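Working notes, beginning with the structure itself.
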Amino acid sequence: MTSDDPLLVVVAGPTAVGKTSFAIDLARRLSTEIISADSRQFYQEMKIGTAAPTTVELSQVKHHFVHQLSIGDSYNVSRFEEEVLGQLEKLFTTHRVVVMTGGSGLYINAVCHGIDLLPDPDPVIREALKDMLATSGIAALQQELRNVDPLYALQVDMANPARLMRALEVCRMTGVPYSSLRSNKPRKRPFRTVKLGLELPRELLYRNINHRVDAMMEAGLFEEALALYPNRHLNALNTVGYRELFDHFEGLVSLEFAVTKIKVNTRRYAKRQLTWFKKDREYLWFSPEDMSGVMALPELMELTAK
RNA sequence: GGCGUCGUAGCUCAGCUGGUAGAGCAGAGGACUGAAAAUCCUUGUGUCACUGGUUCAAUUCCAGUCGAUGCCA
């Protein structure tokens, strides 16, 4: 990698830390565009509850991968990786730097380092495994995994049905152990990467989250969720901010309780994001206020100097 | 003012007839390869309101003080 190679600046961090406005500010300073790496802002029907960039924000900087899907579309990390790499190739013909921002750590990793080539889920097999879990319990999944992929059985969290089902699904589809297809080797990318993590004191972050949820309700989250309620079983809608309201529509909980629950679950989501990003030692951490600190990074100084 | 009830973890509360305390929620930490805003794992010491008394021993019994609350006036 040389400084002639184009640069991807990743702006990550927990939800409600201020990634959107920071990334827009940064992209404008660098005269470039934004790739969104947010697995829920992909869906055009989910605007308020995902805190997607507003129309004003979208008009300030060209965004990619925002609202490009409909909730019924099936999508996954692998497709995201492929499509973003394609988009970056185009953008790098006219830009020396591109900003990617979002809170979906797995998706960011897929773009930066790649993921192994594994089969997409087969709906029939996945259904069969769900049935198996429902009727025979997790022990049955664990047993099958020990038989077909003893190596992975030792590595995986055996208490996590989602992990077990995915592994078994791949084993059944390919006929070989899931673990034999996992290399976890980083791919070479034709660009350099700088990873920025935005961070706020926990207390402040949680205050932001609570306020933002209230703001979402004022902005019409209730109505947005109600309109999507008939589609509540879609994966896209298995999302904080929507499923709590669905519980309310079902008559299970009061509206007040649902809103409180959204706040709690959003805080937990933020915590999980922090755990994910903190583990990756490549991240450089900044306050969302500290744009000058970010602009002083050598990789960015060099871009703006010319 | 009188009578009663209550005062235990950030919150809601359990603690039978005395042996220094435990649940849910919140919170904290972690995992993570096509569901990832998903999915899963781990994690509960606090002057038991305060001050005295009884007792080998008091969160638990007794008295008083303070606070909360209900009914009566």
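Below, chain A is the first sequence line, B the second, and so on; all start at residue 1. The shown structure was predicted, so the numbers you read here are calculated from the model rather than taken from an experiment.
- U43(B) and G27(B) make up a base pair, with Watson-Crick or G-U wobble contacts both under 3.5 Å.
- Straight-line distance between the P atoms of A26(B) and G10(B): roughly 16 Å, to the nearest whole Å.
- For K130(A), no side-chain nitrogen or oxygen approaches OP1 or OP2 of A35(B) to under 4.0 Å.
- For C13(B), the paired base is G22(B) (Watson-Crick or G-U wobble, both distances below 3.5 Å).
- At a threshold of 4.0 angstrom between heavy atoms, the contacts of T239(A) include nucleobase atoms, whether or not backbone atoms are also involved.
- Figure legend. C61(B) is base-paired to G53(B); pairs are counted as Watson-Crick or G-U wobble with both atom distances under 3.5 Å.
- Across all strands shown, nothing is found opposite A38(B) as a Watson-Crick or G-U wobble partner with both distances under 3.5 Å.
- A distance of about 35 Å separates the C1' atoms of C3(B) and G19(B), rounded to the whole Å.
- Annotation: K62(A), atom NZ; neighbour count of heavy atoms from other residues, nucleotides and ligands within 6.0 Å does not exceed 12.
- Taking a cutoff of 4.0 Å between a charged side-chain nitrogen and a carboxylate oxygen, E144(A) and R172(A) qualify as a salt bridge.
- Using a cutoff of 4.0 Å between basic side-chain nitrogens and carboxylate oxygens, R189(A) and E81(A) are scored as salt-bridged.
- Nucleotides U8(B) and U45(B), compared at atom C1', are 13 Å apart to the nearest Å.
- Ion pairing of R166(A) with E169(A) is present here, as a side-chain N (NZ or NE/NH1/NH2) and a carboxylate O approach within less than 4.0 Å.
- Nucleotide G30(B) holds its P atom 14 Å from the CG atom of D280(A), rounded to whole Å.
- The base of A38(B) lies close enough to the side chain of R163(A) for a donor and an acceptor atom to sit less than 3.5 Å apart.
- A salt bridge links R29(A) to D25(A): one of the charged nitrogens lies within less than 4.0 Å of a carboxylate oxygen.
- As rounded to the nearest Å, U69(B) and G15(B) have P atoms that lie 23 Å from one another.
- Mapping L274(A) and M216(A) onto RNA chain B via the closest heavy atom, the residue that lands nearer the 5' end is L274(A).
- Take the nearest nucleotide of RNA chain B for K263(A) and for D116(A): the residue whose nucleotide is more 5' is K263(A).
- Between R202(A) and A28(B) there is a side-chain N or O to OP1 or OP2 distance below 4.0 Å.
- OP1 or OP2 of G27(B) has at least one side-chain nitrogen or oxygen of R268(A) nearer than 4.0 Å.
- Base pairing analysis places U33(B) opposite nothing; no Watson-Crick or G-U wobble pair with both distances below 3.5 Å involves it.
- Here U39(B) is the nucleotide among G34(B), G29(B), U39(B) with the atom lying nearest to any side-chain atom of N160(A).
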